[in-house]
Participant: 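Sharing a structure here in structure tokens format.
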Amino acid sequence: LHVDGGHQFAVALGDLENCWRLGHGVCSDGSARSLVVLDDTDITGVAAAWSDFVAAGRAVERSLPYALGRYQHAVGELLPPAWGGGGSSCAACGTHGAPFACGGCRDVRYCCDAHGREHWPLHRTVCLARRPPPLRFPSLAELPSPCPSLRSGSGGELLACRDLAVGEELFSEAPLAWQPEASSRLTLCAACGNRATSATPSAAVVAHEQCQGCGQVVFCSSCRGTKCKMCPELKISRGRVGGGTLLALDLVRRRHARELPEASFPPPVAAGGAG
């Protein structure tokens with residue numbers, strides 16, 4: 001991909017970001033490479049745009065294969081974003097499947113600690129601006145009532161706004177997350193919770209697709225190919241980790257990834273502190 005610098009920082013950076021979006025899909029499997037050439041890097045604004053682009057982990061600088069004329073140019077290998085199964089590419093060397101993320105912005109990846117330190121003098125110029133906003137935990141007073149018949153009390157309790165009938169269903173909510181108990185992992189689909197047609201674990205494995213990574217959970221025919229979210233923990237512990245522990249890990253990960261609404265985790269209330 002060849003980019004004309006445009007003589008302005010915003011124009012050059014916008015063009016580079018567009019090239020990154022176009023090019024990274026080509027090498028998302030790690031088997032192909034996309035290169036970008038930026039013209040006129042002897043211009044201050046264009047050079048600054050290239051520095052920010054490289055510092056943000058969008059590309060790794062490469063040497064020019066041959067002379068490109070009397071003006072200065074920059075050449076870089078575009079780095080794909082993170083995708084399921086192996087992370088993105090190292091911002092320092094371009095190695096595919098870099099497992100380590102920047103501790104600040106969590107947006108740039110590295111293949112080893114040494115490359116993270118090597119890239120830091122450049123990355124530090126954009127790291128703070130790319131950090132996600134801090135997690136916010138709303139107060140109980142900010143939480144909406146789940147239904148018109150109830151209101152939230154100051155201590156987190158639900159108070160009725162009218163007389164309620166015995167056995168009356170007030171509201172129903174889907175769980176934020178769930179995990180099967182260890183005894184049910186080979187009989188319940190880890191994605192949707194559907195039970196196997198047979199109650200015996202051996203037949204359940206045949207009826208379901210077993211996770212090839214950990215071998216501890218199964219997926220039904222409708223969920224075949226689904227990524228096992230708890231594969232590392234189940235593989236390391238050989239299935240001996242409890243369902244409650246996996247549930248807590250799943251919630252924490254999704255919360256830090258901003259996949260859950262803010263109201264999912266109100267602050268705890270001390271026992272006896274509510275009126």
Side-chain angles (χ1 to χ4, degrees), residues 1-3 5-6 8-65 68 72-136 232 236 249 252-259:
L1 301 173
H2 201 128
V3 181
Q8 295 181 13
F9 172 84
V11 173
L13 189 58
D15 288 344
L16 286 170
E17 289 287 343
N18 287 334
C19 286
W20 179 76
R21 295 186 183 95
L22 288 171
H24 74 249
V26 177
C27 52
S28 61
D29 61 353
S31 62
R33 301 292 181 181
S34 298
L35 298 176
V36 61
V37 178
L38 179 66
D39 292 340
D40 303 328
T41 52
D42 50 331
I43 299 175
T44 302
V46 177
W50 178 254
S51 295
D52 274 22
F53 190 67
V54 175
R58 296 290 198 250
V60 175
E61 288 189 282
R62 299 302 188 195
S63 58
L64 294 172
L68 295 177
Q72 292 186 18
H73 303 77
V75 177
E77 178 185 320
L78 295 176
L79 301 180
W83 62 85
S88 186
S89 299
C90 177
C93 68
T95 299
H96 173 66
F100 305 108
C102 169
C105 65
R106 313 293 299 176
D107 190 41
V108 178
R109 313 285 296 194
Y110 300 102
C111 64
C112 62
D113 182 63
H115 281 184
R117 292 195 300 268
E118 175 187 326
H119 193 250
W120 175 244
L122 183 62
H123 177 60
R124 68 187 301 174
T125 60
V126 300
C127 182
L128 182 61
R130 290 182 172 272
R131 292 181 184 182
L135 291 173
R136 179 178 177 271
I236 293 173
L249 284 171
V252 169
R253 286 173 180 169
R254 292 170 60 198
R255 175 62 170 153
H256 280 274
R258 275 67 178 177
E259 295 176 357

Participant: Short question: side chain of Trp20, backbone of Leu79 - any donor-acceptor pair under 3.5 Å?
Facilitator: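 Checked: pair present.
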Participant: Indicate the atoms forming the closest heavy-atom contact of Cys127 with Gly104, along with that distance.
Facilitator: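 Closest pair (atom of Cys127, atom of Gly104, distance): SG-CA, 4.0 Å.
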Participant: So, does Arg62 use its side chain to make a donor-acceptor pair with the main chain of Gly76 at under 3.5 Å?
Facilitator: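 Checking the backbone N and O of Gly76 against the side chain of Arg62, no donor-acceptor pair under 3.5 Å is found.
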Participant: List the atom of Cys111, the atom of Cys90, and the distance in Å for their closest heavy-atom pair.
Facilitator: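 Closest approach of Cys111 to Cys90: N-SG, 3.4 Å.
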Participant: Grab the two heavy atoms, one from Val108 and one from Ala91, that are nearest each other, plus how far apart they are.
Facilitator: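 Looking at all heavy atoms of both residues, the shortest contact is CG1-CB, 3.3 Å.
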Participant: Mind checking the CG-OG spacing from Leu78 to Ser89? Nearest 0.5 Å is all I need.
Facilitator: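 Nearest 0.5 Å value for the CG-OG distance: 10.5 Å.
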Participant: Hey, could you give me the CG/CZ distance between Leu16 and Phe53, rounded to the nearest 0.5 Å?
Facilitator: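 Reported to 0.5 Å precision, the distance equals 5.0 Å.
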Participant: Check His119, His115, His123 against Tyr110 for a side chain to side chain donor-acceptor pair (under 3.5 Å) and give me the one that passes.
Facilitator: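 Passing option: His119.
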Participant: To the closest 0.5 Å, what do you measure between CH2 (Trp120) and SG (Cys102)?
Facilitator: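 These two atoms lie 5.5 Å from each other.
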Participant: Mind checking the CG-CZ spacing from Leu249 to Arg254? Nearest 0.5 Å is all I need.
Facilitator: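 With rounding to 0.5 Å, CG (Leu249) is 13.0 Å from CZ (Arg254).
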Participant: Any chance you could measure Cys105, atom SG, to Arg124, atom CZ, to the nearest 0.5 Å?
Facilitator: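 Those atoms lie 13.5 Å apart.
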Participant: Could you grab the distance from atom CD of Glu17 to atom CG of Asp52, nearest 0.5 Å is fine?
Facilitator: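 If we round to the nearest 0.5 Å, Glu17:CD and Asp52:CG are 9.5 Å apart.
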Participant: Run the side-chain contact (heavy atoms from CB on, under 4.5 Å) check on Val60 and Val54 step by step: do they pass?
Facilitator: CA-CA 6 Å; Val60 175; Val54 175; over 6 Å; no
